[in-house]
Structure formats: C-alpha cells, structure tokens
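Encoded as structure tokens, the structure appears first; notes follow it.
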Amino acid sequence: MEKPEQPVRRPWIVGVSGASGTPYAASVIRALLAAGESVDLVVSRAARLTILDETGIAFRDAHWRADLAQWLGTAADALEDVRYWPAGDFAAGPSSGSYPAKGMLVVPATTGAVAGIALGLSKDLLQRVASVTLKERRPLVVCVREAPLNGVTLKHLVELDAQGAVVLPASPGFYAGGSTVRELVDFVAGRVLDAVGVPHTLYRRWEGELGGAARAAERPA
C-alpha cells in the first residue's frame with residue numbers, strides 16, 4: 001500500500017537585518033507560529049549585534065534553536081516549524097526560485113538592506129532571498145526602521161514599490177489603544193502580517209467608532 005504524499009512545506013521567510021527593532025521580528029515570528037505557519041529564518045551578521053545589544057542574547061549559528069527560543073521567550077521544542085539559514089550560505093534552499101516559499105518579510109529592514117534589495121546586489125543571503133522573492137512574484141514586505149529618511153533611501157523605497165514589494169515603515173498606530181511598548185510593537189508586527197493575509201490577534205482593529213482607544217486603555221488588564 002502506497003504511503004500518502006506528505007504536503008509540501010511552504011514557509012514564510014523572515015529576514016532580520018541589523019536595524020534597531022528586533023522586538024518587531026520576534027513578534028512577527030511568534031505570531032506566524034501561532035497561526036500555524038512554517039518559518040524560515042535568515043539573520044544578518046549585523047542583526048546578531050543588534051539582537052545582542054537590545055536583548056543581551058548572543059544569536060549563534062551552532063546554537064540557533066536555543067538562542068531563538070530565549071529571544072522569543074518560548075521552549076525550544078516549540079520551534080519545530082522553524083528552519084534557520086546562516087546569512088553567508090548562498091547555497092541555502094531559499095536562494096533558489098524553485099524553493100517552495102510563500103513569500104518574505106524583512107523586519108526590521110535597514111536602509112542598507114533596502115538599497116541592496118532595490119538594486120539587486122545580493123550581498124548576503126537576506127538580500128538574495130528578497131531578490132528571488134521579487135523575481136518569482138511572491139509577496140515581499142519590507143519593514144523599514146529608520147528616521148529621518150534621506151532622498152536616496154526614499155528613491156530605493158519607491159523602486160521597491162514599483163517592483164511589487166510592500167513598503168511598511170515601523171510606524172505604530174495609537175488608535176488601537178496601545179499603552180505599552182509591547183502593544184505598540186505588536187501593532188507593527190500585526191500590520192506586517194496583514195500585508196500578507198496571515199490571521200492574528202496582535203492589535204485591536206479600527207471599527208469606525210471614535211473613542212475606542214481611550215475605552216480600551218481604561219479596561220482592566
């Protein structure tokens with residue numbers, strides 16, 4: 001008797017660049033896993049320094065699962081649907097258009113990553129995967145985290161938009177009633193997931209009624 005074919009794993013690729021804002025990436029990854037999605041993770045070399053600086057966690061290739069579990073605040077055995085690819089591995093699965101990915105979320109994105117993706121430089125695996133995502137016409141969300149933005153970066157963002165990417169600044173909205181840093185981070189992460197149609201409950205949605213944020217803030221936790 002033939003065994004039934006296993007469904008093809010089609011992950012969302014999360015690229016973490018070196019911009020400040022690693023909590024945004026952590027929130028996106030947690031929410032993807034909570035939604036039952038598979039995740040392929042690419043962490044740039046610069047992002048490792050940012051993770052260490054913002055969280056005190058050393059993200060290491062050889063111990064990525066334990067380090068990721070610490071970063072996300074979860075158990076290592078809860079990460080079975082995560083696959084990690086080192087940033088220098090240009091032979092990694094996602095570097096090819098034949099790899100069955102759903103799309104890519106670059107969060108947070110540095111202006112350097114924005115430039116590299118817009119110009120097709122492929123200086124590391126993160127940029128290469130983003131270029132593959134664009135050429136295969138898959139969803140690409142670039143969550144840029146920088147302020148202010150100069151003219152060169154603005155031109156690169158316009159170019160990314162022209163190529164079909166979603167340019168999503170890490171800009172939290174306050175109408176959802178967020179009053180803590182975590183809530184504001186989750187708002188941005190939720191908007192990233194909204195851009196690719198992944199369900200979540202990270203923030204309170206606008207329902208067309210004024211005063212909702214104030215009432216949400218008054219409710220007991």
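Side chains are part of it too, since the values below use all heavy atoms of this structure and drop only hydrogens, waters and symmetry mates. Note that the coordinates shown come from a computational prediction; the quantities given were computed from them, not determined experimentally.
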Inset, instruction - Could you label the plane-to-plane angle of the Y175 and W206 rings as parallel, tilted or perpendicular, counting under 30° as parallel and over 60° as perpendicular? - result: perpendicular

I'd like to know if the side chain of [X] pairs up with that of [Y] as donor and acceptor (distance under 3.5 Å, no hydrogens or angles considered).
X    : Y    : result
D53  : T50  : no
D186 : S27  : yes
S20  : E54  : yes
D194 : Y203 : yes

Shortest non-hydrogen contact from [X] toward [Y]:
X    : Y    : answer
F187 : A176 : CD1-CB, 4.1 Å
K102 : W12  : CD-NE1, 3.5 Å
R145 : A170 : CG-CB, 3.7 Å
K123 : Q127 : N-OE1, 3.1 Å
L202 : A31  : CD1-CB, 3.8 Å
A35  : P199 : CB-O, 3.7 Å

Inset, instruction - Please test H200 against V28 for side chain to side chain contact (heavy atoms under 4.5 Å, CB included), starting from the C-alpha separation and ending with a verdict. - result: CA-CA 10 Å; H200 65 86; V28 165; over 6 Å; no

Check whether any side-chain heavy atom of [X] sits under 4.5 Å from a side-chain heavy atom of [Y], and report yes or no.
X    : Y    : answer
Y84  : V43  : yes
L52  : I57  : no
C143 : P108 : no
T110 : E146 : no

Legend entry - CG on D40 to CG on L32, rounded to 0.5 Å: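 Answer for the CG-CG pair, L32 versus D40, is 11.0 Å.
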
Inset, instruction - Report the distance from atom CG of L168 to atom OH of Y24, rounding to the nearest 0.5 Å. - result: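 One finds 10.5 Å between CG of L168 and OH of Y24.
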
Would you check if the side chain of [X] reaches a backbone N or O of [Y] as a donor-acceptor pair within less than 3.5 Å?
X    : Y    : result
E183 : S179 : yes
S95  : F90  : yes
R10  : S38  : no
E37  : L33  : no

Inset, instruction - Evaluate side chain to side chain contact (heavy atoms under 4.5 Å, CB included) for L184 paired with F174, printing each intermediate quantity in order. - result: CA-CA 8 Å; L184 296 177; F174 293 84; 3.9 Å; yes

Atom [atom1] of [X]: over 12 foreign heavy atoms under 6.0 Å:
X    : atom1 : answer
R9   : CZ    : yes
K135 : NZ    : yes
R182 : CZ    : no
R30  : CZ    : yes

Legend entry - Pairing residues for S96 by the side chain to side chain donor-acceptor pair (under 3.5 Å) criterion, not counting sequence neighbours: S98

Legend entry - Same apolar cluster: V39 and F59, side chain cutoff 4.5 Å: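 The answer is yes; both residues are in one hydrophobic cluster.
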
Legend entry - Partner of V141 under side chain to side chain contact (heavy atoms under 4.5 Å, CB included), chosen from L193, T133, V166: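 When L193, T133, V166 are each tested with V141, the side chain to side chain contact (heavy atoms under 4.5 Å, CB included) holds only for V166.
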
Legend entry - Residues clustering with M104 (ILVMFWY side chains joined when closer than 4.5 Å, directly or via others):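 Traced through the cluster, M104 reaches I13, V42, W85, Y99, V106, V114, I117, L125, L126, V129, L134, L140, V142, V144, L149, L154, L157, L160, V167.
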
Legend entry - Carboxylate-amine/guanidinium contact D89 R128, below 4.0 Å: no

Show every donor-acceptor pair shorter than 3.5 Å between a side-chain atom in residues 67-81 and any protein atom, with sequence neighbours excluded, or say none if there are none.
| from | atom 1 | to | atom 2 | distance (Å) |
| --- | --- | --- | --- | --- |
| D67 | OD1 | R60 | NH2 | 2.8 |
| D67 | OD2 | R60 | N | 2.9 |
| D67 | OD2 | R60 | NE | 2.9 |

